[in-house]
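Every heavy atom of this structure was used, including side-chain atoms; hydrogens, water molecules and symmetry mates were not.
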Amino acid sequence: KSASSFPHHRATLRLSEKFILLLILSAFITLCFGAFFFLPDNSKHKRFDFGLEDTRTCSASESGDKHNKESLRDKIRADHERALQEAKEKLRKSKEELKAEIQTEKTKVVEDLKKKDGPKPLPPVPMPKLVGVNDGDPGDPDTKEKRDKIREMMKHAWDSYRQYGWGHNELKPIAKKGHSTNIFGNSQMGATIVDALDTLYIMGLHDEFKDGQEWIEQNLDFSVNAEVSVFEVNIRFIGGLLAAYYLSGQEVFKVKAVQLAEKLLPAFNTPTGIPWAMVNLKSGVGRNWGWASAGSSILAEFGTLHMEFVHLTYLTGNPAYYQKVMHIRKLLAKMDRPNGLYPNYLNPRTGRWGQHHTSVGGLGDSFYEYLLKAWLMSDKTDTEARKTYDDAIEAIERHLIRKSNGGLTFIGEWKNGHLERKMGHLTCFAGGMFALGADGSPDDKAGHYLQLGAEIAHTCHESYDRTVLKLGPEAFKFDSGLEAVAVRQNEKYYILRPEVIETYWYMWRFTHDPKYRQWGWEAVQAIDKYCRVSGGFSGVKDVYSSNPTYDDVQQSFFLAETLKYLYLLFSSDELLPLENWVFNTEAHPLPVLHLGNITLPGSETQQ
């Protein structure tokens with residue numbers, strides 16, 4: 001406390017010092033000018049008026065001169081008295097009043113600067129070819145009915161948020177009020193609105209979309225004193241705004257995405273260029289999570305920026321975004337990897353790995369996903385990204401992927417030289433990733449990776465099927481006779497996560513095996529039965545209990561991802577075809593950039 005009060009005390013001292021200085025200065029000025037006027041008159045001294053060509057001598061009009069001197073003396077006297085009066089008034093004011101005055105002045109200066117500089121208009125760029133941005137009618141009535149049910153669930157989630165949590169980041173559906181977590185710096189930034197926009201759009205909920213757009217136009221402000229997660233704000237806000245822009249063509253989304261991106265750039269001011277986990281949007285000061293290994297940044301966080309940042313450079317012509325993410329890639333390429341695996345922690349000061357913990361679940365997951373998607377988004381021209389992905393997956397297969405005694409394929413976690421036979425719900429996205437990356441695999445391994453995707457999908461479905469609620473736990477083990485089941489109480493919760501459904505959707509797109517729609521429908525029914533409340537949808541604390549308690553949070557990713565993937569699972573393949581769209585890790589679709597001969601600013605000529 002004493003540390004924080006000290007600068008406070010200094011500020012008031014400085015304030016009073018300033019007034020004393022002001023008094024001395026005004027007295028000094030008076031003295032100087034007074035002395036000047038009592039110097040002897042010399043007609044040889046000439047006075048030059050800058051900007052005028054004629055030069056007048058003092059003797060030209062002595063009476064005028066005398067008059068000028070007197071009026072100048074009066075003016076100085078008046079100024080002097082006014083300055084003294086102001087100083088006296090200021091000294092009478094309380095500390096709070098002075099602070100408020102200074103703040104007002106600062107704000108005025110900032111506003112004036114803003115007006116002077118103004119937001120620079122973004123350069124016009126060709127809109128990528130947009131295919132399949134709405135409809136996707138599945139054809140048969142039964143599938144359509146299921147899709148309509150999912151749309152109705154989206155409307156219930158949105159309407160509840162609209163009614164009880166509008167403008168807040170998320171909703172507490174039971175308390176029926178707004179909710180926020182530390183990833184958004186406890187500021188009201190309307191995370192659910194930004195995250196849900198593209199889902200509303202593809203579902204044809206255009207009135208709701210318009211409400212969201214209006215809120216963003218009028219209220220979304222990034223000049224707040226809030227410390228936010230760089231990763232979360234990138235995938236939810238920048239990803240959400242870019243997707244909304246590409247789908248709807250509304251400029252406001254592009255402008256807001258760029259404004260926010262500029263606020264994230266200071267996070268990269270580290271000795272290595274590996275960004276901090278958190279940045280203050282107002283001051284630009286960054287730091288890392290206190291719980292991360294030895295002050296490290298996290299692989300899945302600094303490795304999940306590429307898609308959005310490439311689009312930012314494409315839309316703005318500013319090479320900084322592209323250069324920042326390519327610098328990260330180059331730095332990682334130079335580093336030794338234990339067993340070919342990427343540890344989850346990297347120190348941004350030293351450029352060294354933290355503890356050797358590798359995971360395809362939390363802390364690692366989307367790093368691998370973005371290597372593959374960087375290649376897909378570049379229209380398969382970024383071969384460096386594809387090669388990095390292939391090498392990483394080969395090491396993962398060798399060291400982390402195993403079959404349980406019961407025949408279930410799972411992805412474990414590598415911790416300091418041994419494999420933990422545990423898989424997280426977050427890891428279940430990998431089934432979809434393997435399927436998505438199958439085409440283009442080295443050594444004709446496409447069939448192998450599609451099969452691996454199917455096996456992961458099956459394991460994750462088992463984790464759902466072996467619970468009372470038919471909803472999956474946060475993490476599940478594969479040892480001592482128990483398989484695909486959570487053991488610890490703090491791993492039995494379900495918080496409306498999308499990863500299993502995401503994998504069902506990718507597997508459906510690539511195989512059209514009806515079981516994926518069947519599994520998806522099981523999840524829809526379970527969510528509607530056990531997570532739906534009158535004020536929205538809530539997570540549950542124990543999926544093995546027939547009478548679960550709610551966690552009272554409607555996560556923004558439930559609207560962005562879970563409901564979107566379910567809706568796509570029951571739509572035709574014409575809705576957001578994978579040849580034209582790549583989904584960021586928050587399920588925000590970004591178009592493939594068919595750059596052809598265009599070179600991104602800041603990049604070398606593309607091969």
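For the pair Tyr464 (side chain) and Glu522 (backbone), a donor-acceptor distance under 3.5 Å is absent.
Side chains of Tyr567 and Arg151: no donor on one and acceptor on the other come within 3.5 Å. Judged by distance alone, the side chains of Tyr504 and Gln518 never bring a donor and an acceptor atom under 3.5 Å apart. A donor and an acceptor atom, one from each side chain of Ser534 and Lys176, are located under 3.5 Å apart.
Between Pro591 and Asn580, every side-chain heavy-atom pair lies at or beyond the 4.5 Å cut-off.
Classification of Glu152 and Arg532 as a salt-bridged pair holds, one side-chain N sitting under 4.0 Å from a carboxylate O. Salt-bridge annotation for Glu208 and Lys155: present, with a side-chain N of the basic residue lying under 4.0 Å from a carboxylate O of the acidic one. We find that Arg236 and Glu170 are joined by a salt bridge, their nearest charged nitrogen and carboxylate oxygen being less than 4.0 Å apart. A salt bridge is defined here as a Lys NZ or Arg NE, NH1 or NH2 lying under 4.0 Å from an Asp or Glu carboxylate O, and Glu474 with Arg497 meets this definition. In this structure, Glu145 does not pair ionically with Lys149, as no charged nitrogen and carboxylate oxygen lie closer than 4.0 Å. In this structure, Asp382 does not pair ionically with Arg386, as no charged nitrogen and carboxylate oxygen lie closer than 4.0 Å. The pair Lys144-Asp140 does not count as a salt bridge, with every side-chain nitrogen at least 4.0 angstrom from each carboxylate oxygen.
With sequence neighbours excluded, no residue forms a salt bridge (charged side-chain N to carboxylate O under 4.0 Å, His left out) with Asp137. For Lys529, the salt bridge (charged side-chain N to carboxylate O under 4.0 Å, His left out) criterion is met by no residue, not counting sequence neighbours. Looking at residues two or more places apart in sequence or on another chain, you find no salt bridge (charged side-chain N to carboxylate O under 4.0 Å, His left out) involving Lys263. Among residues two or more places apart in sequence or in another chain, the ring pair (Phe, Tyr, Trp, His ring centres under 6.0 Å) test is passed with Phe309 by Phe268, Tyr321. Taking Tyr246 as the reference, His311 meet the ring pair (Phe, Tyr, Trp, His ring centres under 6.0 Å) condition, with sequence neighbours excluded. Contacts of Cys460 classified as disulfide bond (SG atoms under 2.5 Å apart), with partners at least two apart in sequence or in another chain: Cys428.
Cation-pi check for Arg287 over Trp276 is not met; the charged atom does not lie both under 6.0 angstrom from the ring centroid and within 45 degrees of its normal. No cation-pi contact links Arg421 to Phe478, judged by a cut-off of 6.0 Å to the six-membered ring centre and 45° from its axis.
Around the CG atom of Asp159, the shell of radius 6.0 Å holds more than 12 heavy atoms that belong to other residues, nucleotides or ligands.
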